[in-house]
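Presented below is the structure to which this report refers.
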Amino acid sequence: NNMGNVAKYGIYNLGTQKFIGIFGQYKGGGGGGTPFANKYSLNFDGVDDYVDVGVITEINSASVLTFSFWGKKPISTNYLGIGSLITGTNGIWLSWWSDGNVYFAPRNGAYSNASFALAHDTNWHHFAGVYDGSIITTDRCILYVDGVKVASSLSGVPTSLSATAGNNFQIGAQNGAYFTGGNIDEVAVFNTAKTGLEITDIYNSGTPTDLSALAGLTNWYRNGDNG
């Protein structure tokens, strides 16, 4: 389960230290006071590496959420994802699946997701999912890739998530399976439904940016760049 800390400009291998000292989290309110920098990400081996965040209470019973992260994978059939999978019909997750599709899946009692077939390359991509259970159109569940709205869905998408939907949040796996083979960075959870313009700002023309002042930010995992 060794977890390396991978810089975008080189590799720093922590060996058996796994998550110690590399997993920075911003949890709501206030600011860092240090200049924003993005040099590192977490590299997952696709075998058994993942970060077990545990419970994110803001997800439980939520009717509005936004997920955001950066990722890349070297092989098209690898998994790449984040989220809280309780059962196949309970939870919420955002992933670039082994079948080549990107899925954003808020679920509570039914199979539901917005999906998009993303042609594989080895470049960094930004993924975002916006969920708003109050909306009665397909915009209840929206998927963005690299700042662009690529899919949306209403079918089966719940008006709210279950009271346990956020109890198993993982970075690099889903419920201890479907392990990521690749890099994940700048994982963020918001308790608001970000607009298309806000997602474009987060994408920032392909350069990760400081999220600390954005409304509704509840959890931000820097994955090496402690913030």
Side-chain angles (χ1 to χ4, degrees), residues 23-34 36 38 51 53-71 81-85 91-95 102-108 112-114 126-154 157-171 184-205 207-223 225-227:
F23 188 53
Q25 178 188 6
Y26 172 92
K27 176 72 172 171
T34 58
F36 178 81
N38 178 261
V51 176
V53 174
V55 181
I56 295 183
T57 56
E58 290 83 1
I59 294 175
N60 292 337
S61 302
S63 59
V64 178
L65 286 170
T66 298
F67 282 7
S68 168
F69 78 95
W70 292 83
I82 66 167
S84 179
L85 188 156
I92 181 169
W93 53 91
L94 177 61
S95 59
V102 182
Y103 295 94
F104 178 51
R107 297 183 179 179
N108 186 4
S112 58
N113 57 255
H126 179 256
F127 304 96
V130 179
Y131 164 63
D132 186 342
S134 69
I135 293 179
I136 59 174
T137 70
T138 57
D139 282 350
R140 180 175 292 185
C141 173
I142 305 176
L143 173 64
Y144 295 85
V145 176
D146 295 336
V148 177
K149 179 181 176 181
V150 293
S152 60
S153 180
L154 176 63
V157 180
T159 56
S160 64
L161 301 179
S162 78
T164 60
N167 284 359
N168 192 25
F169 196 92
Q170 296 175 349
I171 299 172
I184 293 178
D185 198 17
E186 303 294 343
V187 177
V189 177
F190 301 85
N191 63 8
T192 58
K194 293 301 179 188
T195 66
L197 288 176
E198 288 175 310
I199 297 298
T200 299
D201 287 344
I202 293 172
Y203 174 60
N204 192 35
S205 299
T207 302
T209 188
D210 190 350
L211 307 180
S212 59
L214 298 186
L217 180 65
T218 65
N219 296 73
W220 181 20
Y221 304 98
R222 301 296 320 279
N223 292 7
D225 297 290
N226 293 337

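All values below come from the heavy atoms of this structure, side chains included, with hydrogens, waters and symmetry mates left out.
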Can you measure from CD1 (Ile142) to NZ (Lys194) and round to the nearest 0.5 angstrom?
13.5 Å
Whether Phe169 and Phe67 hold their rings parallel, tilted or perpendicular, with breakpoints at 30° and 60°:
perpendicular
Looking only at atom types and distance, does a side-chain atom of Ser153 sit under 3.5 Å from a main-chain N or O of Cys141, one as donor and one as acceptor?
no
Mind checking the CD1-OG spacing from Ile199 to Ser68? Nearest 0.5 Å is all I need.
6.0 Å
Looking at Gly216, is its backbone amide N or carbonyl O close enough to the side chain of Thr192 to form a donor-acceptor pair, meaning the two atoms are under 3.5 Å apart?
no
Within-4.5 Å side-chain heavy-atom neighbours: Leu65 and Leu161:
yes
Is any side-chain heavy atom of Asn168 closer than 4.5 Å to one of Trp93?
no
Thr138 side chain near Val157 side chain, heavy-atom distance below 4.5 Å:
no
Could you walk me through whether Phe190 and Trp220 pass the ring pair (Phe, Tyr, Trp, His ring centres under 6.0 Å) test, one step at a time?
CA-CA 9 Å; Phe190 301 85; Trp220 181 20; 9.0 Å; no
Once side-chain hydrogen bond (donor to acceptor under 3.5 Å, both in side chains) is applied, do any residues pair with Asp201, and if so which ones, sequence neighbours excluded?
none
Test log, rule side chain to side chain contact (heavy atoms under 4.5 Å, CB included), inputs Leu143 and Leu94:
CA-CA 9 Å; Leu143 173 64; Leu94 177 61; 3.7 Å; yes
Phe69 CZ to Ser95 OG distance, which is reported to the nearest 0.5 Å
7.5 Å
Applying the side chain to side chain contact (heavy atoms under 4.5 Å, CB included) test to Trp70, which of Ile184, Thr207, Asp185 qualifies?
Asp185
Shortest non-hydrogen contact from Glu58 to Ala62?
O-CB, 3.4 Å
Step-by-step side chain to side chain contact (heavy atoms under 4.5 Å, CB included) determination, Ile82 to Val189:
CA-CA 11 Å; Ile82 66 167; Val189 177; 6.0 Å; no
Glu186 and side-chain hydrogen bond (donor to acceptor under 3.5 Å, both in side chains): which single residue from Asn38, Asn223, Thr209 fits?
Asn38
Any pair counted as ring pair (Phe, Tyr, Trp, His ring centres under 6.0 Å), so long as it reaches residues 132-151, sequence neighbours left out:
none
Take Phe127 and Val145 through the test side chain to side chain contact (heavy atoms under 4.5 Å, CB included) and record every step on the way to the result.
CA-CA 5 Å; Phe127 304 96; Val145 176; 4.1 Å; yes
Which pair of heavy atoms, one from Pro106 and one from Ser112, lies closest together, and at what distance?
O-OG, 2.7 Å
Kindly state each residue pair satisfying salt bridge (charged side-chain N to carboxylate O under 4.0 Å, His left out) with at least one member in residues 129-152, sequence neighbours excluded.
Asp139-Lys149
Evaluate the side-chain proximity of Asn113 to Arg107: yes if any heavy-atom separation is below 4.5 Å, no if none is.
yes
May I have the step-by-step check of side chain to side chain contact (heavy atoms under 4.5 Å, CB included) for Val51 and Val187, ending in yes or no?
CA-CA 11 Å; Val51 176; Val187 177; over 6 Å; no
Show the nearest heavy-atom pair for residues Ser84 and Ala165, with the distance to one decimal.
OG-O, 2.6 Å
